[in-house]
Amino acid sequence: MNPESVTNATISGSSHAAADRVRIFDTTLRDGEQAPGFSMDRRAKLRMAHMLEALGVDIIEAGFPQASPDDFAAVAEIATSLKTPTICALARCQAGDIDSAGHALERARHSRIHLFLSTSPLHREHKLNMSKAQVIDTAVAAIERARKLCHEVEFSAEDAMRTEPDFLAEVFSAAVAAGATTLNAPDTVGYMTPAEIAERFTWLQQHVQGADQVIFSSHCHDDLGMAVANSLAAVSAGARQVECTINGIGERAGNASLEEIVMALKVRAPHFGVDTRIDTRKLYPASRLLTQLTGQAMPRNKAIVGDNAFAHESGIHQHGMLKHRGTYEIMRPQDVGIAETKLVMGKHSGRAALRQRLETLGHTPNDAALDAIFVRFKTLADKKREVHDEDLEAIALGLDPDAVGPWRLVQLNTSTHLGGSASASVKLRHDDGREAGEAAIGDGPVDAVLRAIERATGSDLQLTDFQVRAVSEGGDAQGQAQLTARHAAREWRGHGISTDIVEATAQAALAIVNRIERQAPAALPVAVANL
Ligand code: KIV
Ligand code: ZN
C-alpha cells in the first residue's frame, strides 16, 4: 500500500459530484455478527460477503481482526476474494488493533480502517478514564498510523450523540486534519429522535473544520425502535453514508435495517432526492441467506422481507388488490426479489379472492357452485389458520380436506450410523386392507424415512421444503414437521405432529401421499372423475 495514494480523493467510490448518492456501509459481519445468536464462522462470513457484493453495497465491514484469529482470517479472506466493494476492518485507537487491521486488509483492492473512540462524558469518565485532550491526541495518533496501512480511514466517535456538540466538532475537526475521510457519528445506544439527529448532523457540517472534504456517516442502534427513522433523518440532513445491517441485526435491539433504508430511499425517491447502488432485487435473497447462516428466522411482519410483507388475507384488502395492486401495496414484491404478492386464503378472505385462486388452480365454478365452495371454505378456515391450495382443490373436487388415510403408519424404526447415513423401516396399512413394509437407507433418518414411505406406497416425491419446529415447551415438547414436495408438476404440503420429529416427518410424508391418492381420478366421485 503506497501511503502517497492516501488523499481525500480516495473516499470510497465518491466524487463530490455524486453528492446525491448515499453510500451503503454494511456491518452485518461486524456489528451484526457480534450480537448474541448471530455469530458466523469463516465460511459463512465469506458466503455472506459474496452476497453483499452482489447486492451492490459500497463498503463491507468484514470484522474486527484484533478480536480473534478467526476474525482476522475472515477479514483477510474477504479482502482477498471480493472485487468491487471497499473492505473495511474495525480497530480501536490502539497500535496493535490498527496494525492487525492493516495486515488483514493487505490484499484488498480498496481498503478502509474504521477507528473508533468514545467521546461522550459518560464513556470518557467511566470507560476510558481520559480527559478531552487525551481523547483528541489518541484519535489523531491512531488516524495517522492507520493512514499508512490502507486506502482510507473512517473515524467513529463512539456515543457521539451523547457527546457535547462543541467537543464532538473539535474531535471531528482534528480527525479531518489527521487524514480521516469519513466521519461517523453513531447513536451507539439508540437514544435519539429523528428531529434531534437531523439537527445534530446539520450543526456538525456547519462547525467541523474541513467538513466539505469528508463524508458524514450515520450508525443508529434500535433500542427505541427508531434506528431506520434516525438514519433517514441523518440522510435528509446531509449524511452520505449509512451504516446498517441485513435484517437489522446488531448489538442489543440491532442496527438500522439495510433493506428498510434502501427501500425507503427508493420508494420515496422524490422526497429524499438521493439514491444508492443497491440492486434491490437481491434484498430478499440476502435476507434469506442470513437467516439460513445464523439459524435466526425473521418475524412474519418484518418490513420488506417478512413473510407477510406482500401477503394479504383480509377480504377487503384482497378485493382491492384484485382490482388494483396499488390499493394496498406501495412497492412491487419483485422489486425486492420476492416472486409475487400472496393472497393468503384464510377466514378473512372473500369470494373474489376465492374465485381468483380457484381459477389459477384450473377450476371455474359457476356462481352457485362458488357459493357452495365458499361455505365449505369458510368452515375449514375457521378451523385452520391458512387454507392451502390442496385444501381448496379438495373442496372444489367435492372431497373432504380433513380426511385422513387411506395409508396409516403402523410401525416405524430408524437407526443412525456413525458417519452420517441412516436406515429406516416402515410398516403401513391401507384402508382397503393392504399392508406394505419397506426399508431404506438415507443421508439421515428423515431422508431414510421418506425413501421407505415412497417405496412402500409406490409414490414419487421430490422434497422442496422441510421445516421442523417445536409447538410446545419442555423435554417432551411436541415437534411439528412441515413438508412440501413436488409430484405431477404440483406442490403438495403435509404436516405431522409428534414428540419424535422423525415420526412427525413420517406423518407429514404420509399426509402428502394420502392427499395425492385421494385426489387421483380413480378416487374421485364419479361425476368429477368423468369431467
Ligand atoms: O455503535 C457503535 O458506536 C459502534 C461503533 C464501533 C461505530 O458500533
Ligand atoms: Zn454499533
Side-chain angles (χ1 to χ4, degrees), residues 24 26-41 44-45 47-52 54-55 57 60 190 220-229 231-232 242-267 278-313 328-344 346 385-386 388 464-471 479-482 484 493 495:
I24 298 296
D26 180 277
T27 182
T28 305
L29 300 176
R30 198 278 297 169
D31 206 320
E33 199 263 348
Q34 78 193 39
F38 290 97
S39 75
M40 283 173 258
D41 63 17
K45 284 189 183 174
R47 265 192 81 189
M48 195 64 212
H50 278 289
M51 174 55 97
L52 294 170
L55 184 63
V57 310
I60 295 178
C220 298
H221 279 271
D222 207 30
D223 300 67
L224 293 174
M226 289 190 277
V228 170
S231 307
L232 294 170
V242 177
E243 302 196 354
C244 46
T245 59
I246 300 291
N247 295 344
I249 68 171
E251 284 284 1
R252 306 180 307 283
N255 277 78
S257 133
L258 182 150
E259 57 279 5
E260 293 175 25
I261 292 174
V262 166
M263 288 315 288
L265 295 179
K266 186 177 164 106
V267 173
I278 298 296
D279 177 354
T280 62
R281 291 163 309 171
K282 304 235 163 63
L283 288 171
Y284 183 66
S287 163
R288 290 288 298 190
L289 177 64
L290 184 64
T291 60
Q292 280 157 22
L293 295 176
T294 60
Q296 304 288 349
M298 283 287 90
R300 283 189 78 112
N301 63 333
K302 165 79 176 66
I304 316 294
V305 292
D307 283 354
N308 284 2
F310 296 93
H312 310 264
E313 185 183 324
Y328 290 103
E329 277 183 1
I330 56 167
M331 52 198 150
R332 294 182 323 145
Q334 294 82 0
D335 290 343
V336 304
I338 293 176
E340 57 187 14
T341 291
K342 208 169 139 200
L343 296 189
V344 176
R385 257 188 289 180
E386 222 178 281
H388 295 293
T464 54
D465 192 36
F466 172 49
Q467 292 177 28
V468 188
R469 67 184 178 94
V471 287
Q480 183 185 63
Q482 175 97 44
T484 311
R493 225 178 319 254
H495 79 269

Student: Taking only residues two or more places apart in sequence, or in another chain, which ones meet Glu260 in a side chain to side chain contact (heavy atoms under 4.5 Å, CB included)?
Tutor: Val228, Ser257, Lys302, Ala303, Ile304

Student: Of the non-hydrogen atoms in Leu232 and Ala264, which two are nearest, and what is the gap between them?
Tutor: CD1-CB, 3.7 Å

Student: Is it true that a side-chain atom of Asp335 and a backbone atom of Thr280 form a donor plus acceptor pair closer than 3.5 Å?
Tutor: no

Student: So, does Asp41 use its side chain to make a donor-acceptor pair with the main chain of Lys45 at under 3.5 Å?
Tutor: no

Student: Do you know which of Thr27, Ile249, Ile246, Val242 makes side chain to side chain contact (heavy atoms under 4.5 Å, CB included) with Leu258?
Tutor: Ile246

Student: Who passes side-chain hydrogen bond (donor to acceptor under 3.5 Å, both in side chains) against Thr245, sequence neighbours left out?
Tutor: none

Student: Any idea which heavy atoms bring Ala35 and Glu251 closest together, and the distance?
Tutor: CB-N, 4.0 Å

Student: So, using side chain to side chain contact (heavy atoms under 4.5 Å, CB included) as the criterion, who are the partners of Lys282 when residues are at least two apart?
Tutor: Ala54, Leu55, Asp279

Student: What are the two closest non-hydrogen atoms of Phe38 and Gly32, and how far apart are they?
Tutor: CB-O, 3.5 Å

Student: Can you check whether Leu283's main-chain N or O pairs, donor with acceptor, with Glu259's side chain at less than 3.5 Å?
Tutor: no

Student: For Phe310 and Arg332: C-alpha separation, side-chain torsions, deciding distance, then whether side chain to side chain contact (heavy atoms under 4.5 Å, CB included) applies.
Tutor: CA-CA 8 Å; Phe310 296 93; Arg332 294 182 323 145; over 6 Å; no

Student: Sequence neighbours left out, what passes side chain to side chain contact (heavy atoms under 4.5 Å, CB included) with His495? Give chain and number order.
Tutor: Gln480, Gln482, Ile497

Student: Report the residues that fulfil side-chain hydrogen bond (donor to acceptor under 3.5 Å, both in side chains) with Thr28, sequence neighbours left out, ordered by chain and then residue number.
Tutor: Asp26

Student: Closest approach of Arg281 and Gln334, non-hydrogen atoms and distance?
Tutor: CG-O, 3.4 Å

Student: Which residues pass the side-chain hydrogen bond (donor to acceptor under 3.5 Å, both in side chains) test with Asn301, not counting sequence neighbours?
Tutor: none

Student: Measure the NE2-CD1 distance between His50 and Ile60 for me, rounded to the nearest 0.5 Å.
Tutor: 9.0 Å

Student: Quick one: list whatever passes ring-ring contact (aromatic ring centres under 6.0 Å, His included) with His312, sequence neighbours left out.
Tutor: none

Student: What do you reckon, is CZ of Arg252 surrounded by more than 12 foreign heavy atoms closer than 6.0 Å?
Tutor: yes

Student: Just by distance, do the side chain of Asp31 and the backbone of Gly250 share a donor-acceptor pair under 3.5 Å?
Tutor: no

Student: Any side-chain heavy atom of Ile278 within less than 4.5 Å of one from Lys266?
Tutor: no

Student: Using the test side chain to side chain contact (heavy atoms under 4.5 Å, CB included), find all partners of Glu386 that sit at least two apart in sequence or belong to another chain.
Tutor: Arg300, Lys342, Val344, His388

Student: What pair of heavy atoms forms the shortest contact from Asp307 to Ala311, and how long is it?
Tutor: O-CB, 3.7 Å

Student: With heavy-atom distances below 4.5 Å as the criterion, would you say the side chains of Asn308 and Glu313 are in contact?
Tutor: no

Student: Who are the side-chain hydrogen bond (donor to acceptor under 3.5 Å, both in side chains) partners of Thr341, not counting sequence neighbours?
Tutor: Arg325, Glu329

Student: Let me have the donor-acceptor pairs involving side chains of residues 284-293, under 3.5 Å, with sequence neighbours excluded, atom names and distances please.
Tutor:
residue, atom, partner, partner atom, Å
Ser287, OG, Asn247, OD1, 2.7
Thr291, OG1, Arg288, O, 2.7

Student: Name all residues meeting the ring-ring contact (aromatic ring centres under 6.0 Å, His included) criterion together with Tyr328; count only those two or more places apart in sequence or in a different chain, and write none if there are none.
Tutor: His317

Student: Can you name the nearest heavy-atom pair linking Ser231 to Ala256, along with the distance?
Tutor: OG-CB, 3.4 Å

